[in-house]
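Keep in mind that the numbers below use all heavy atoms, side chains included, and drop hydrogens, waters and symmetry copies. Computed from a predicted model, the values in this text were never measured in an experiment.
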Amino acid sequence: MNRLLFFTLVLIPILLISCTPSRLTKAGKHYQNHQDYKSLIEVVNLIKPGTDTTELQKILGPGIDFGFDMRFLIDSTGPNGCAMGAVFHLEEGKVTSQWLDEICE
């Protein structure tokens with residue numbers, strides 16, 4: 001009887017939590033479907049330095065790859081009329097830093 005109680009109260013919640021998509025995964029999927037600021041800023045805030053570009057593209061979809069950085073645009077422009085988006089700086093195929101703002105170049 002104790003094993004059943006343990007399984008019910010401890011293991012089932014752990015299994016359910018581990019099977020639900022993470023906030024990062026949810027935000028990435030939402031961005032892929034809507035290219036919106038809210039989901040992209042959530043990804044920018046949750047991505048850890050050292051994330052591989054393959055993983056980044058798995059989360060956000062194909063980006064604009066410049067080799068030294070990868071960019072993901074949103075569905076609007078900023079106050080200066082420039083595209084809005086996230087820029088992930090890369091070194092050796094891994095994220096070193098990131099930001100989301102107007103990209104005026």
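Here Asn33 pairs with nothing under the side chain to side chain donor-acceptor pair (under 3.5 Å) rule; sequence neighbours left out. Thr77 pairs by the side-chain contact (heavy atoms from CB on, under 4.5 Å) definition with nothing, not counting sequence neighbours. Taking the side chain to side chain donor-acceptor pair (under 3.5 Å) definition, one finds that Thr96 meets it with nothing, sequence neighbours left out. With sequence neighbours left out, the side chain to side chain donor-acceptor pair (under 3.5 Å) criterion links Arg71 to Asp69, Glu105. Residues satisfying the side-chain contact (heavy atoms from CB on, under 4.5 Å) criterion with Ser97, sequence neighbours excluded, are His89. Contacts of Glu92 classified as side chain to side chain donor-acceptor pair (under 3.5 Å), with partners at least two apart in sequence or in another chain: none.
Cluster membership for Phe68 and Trp99, using ILVMFWY side-chain heavy atoms within less than 4.5 angstrom, is shared.
For residues 21-49, the pairs satisfying ring pair (Phe, Tyr, Trp, His ring centres under 6.0 Å) are His30-His34, with sequence neighbours left out. A side-chain hydrogen bond (donor to acceptor under 3.5 Å, both in side chains) check over residues 55-67, counting only residues at least two apart or in different chains, returns nothing. The list of disulfide bond (SG atoms under 2.5 Å apart) pairs with a residue in residues 58-96, not counting sequence neighbours, reads Cys82-Cys104. For residues 30-45, the set of pairs meeting the salt bridge (Lys or Arg N to Asp or Glu O under 4.0 Å) definition, not counting sequence neighbours, comprises Arg23-Glu42.
Side-chain atoms of Leu60 and Leu40, non-hydrogen and from C-beta on, do get closer than 4.5 Å to each other. Counting heavy atoms from C-beta on, the side chains of Ile64 and Phe72 never come closer than 4.5 Å. Leu73 places a side-chain heavy atom less than 4.5 Å from the side chain of Ile103. Residues Thr53 and Lys94 have side chains not in contact (no heavy-atom distance under 4.5 Å, counting atoms from C-beta outward).
Within a 6.0 Å radius of CD in Gln32, more than 12 heavy atoms belonging to other residues, nucleotides or ligands are found.
The backbone N or O of Ala83 lies less than 3.5 Å from no partner atom in the side chain of Glu102, so there is not a single donor-acceptor pair.
The minimum heavy-atom distance linking Ser39 with Ala27 is given by the pair CB-O, 3.4 Å.
A donor-acceptor contact closer than 3.5 angstrom is absent between the side chains of Gln35 and Asp75.
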Considering only distance and modelled atom types, tabulate donor-acceptor pairs under 3.5 Å from the side chains of residues 44-52, sequence neighbours left out.
| unit_1 | atom_1 | unit_2 | atom_2 | d |
| --- | --- | --- | --- | --- |
| Asn45 | ND2 | Ile41 | O | 3.2 |
| Thr51 | OG1 | Lys48 | O | 2.6 |
| Asp52 | OD2 | Thr54 | N | 2.8 |
| Asp52 | OD2 | Thr54 | OG1 | 3.0 |

For Thr25 and Ile59, run side chain to side chain contact (heavy atoms under 4.5 Å, CB included): C-alpha distance rounded to whole Å, both residues' side-chain angles, the deciding distance at 0.1 Å, then the answer.
CA-CA 6 Å; Thr25 302; Ile59 294 165; 5.8 Å; no
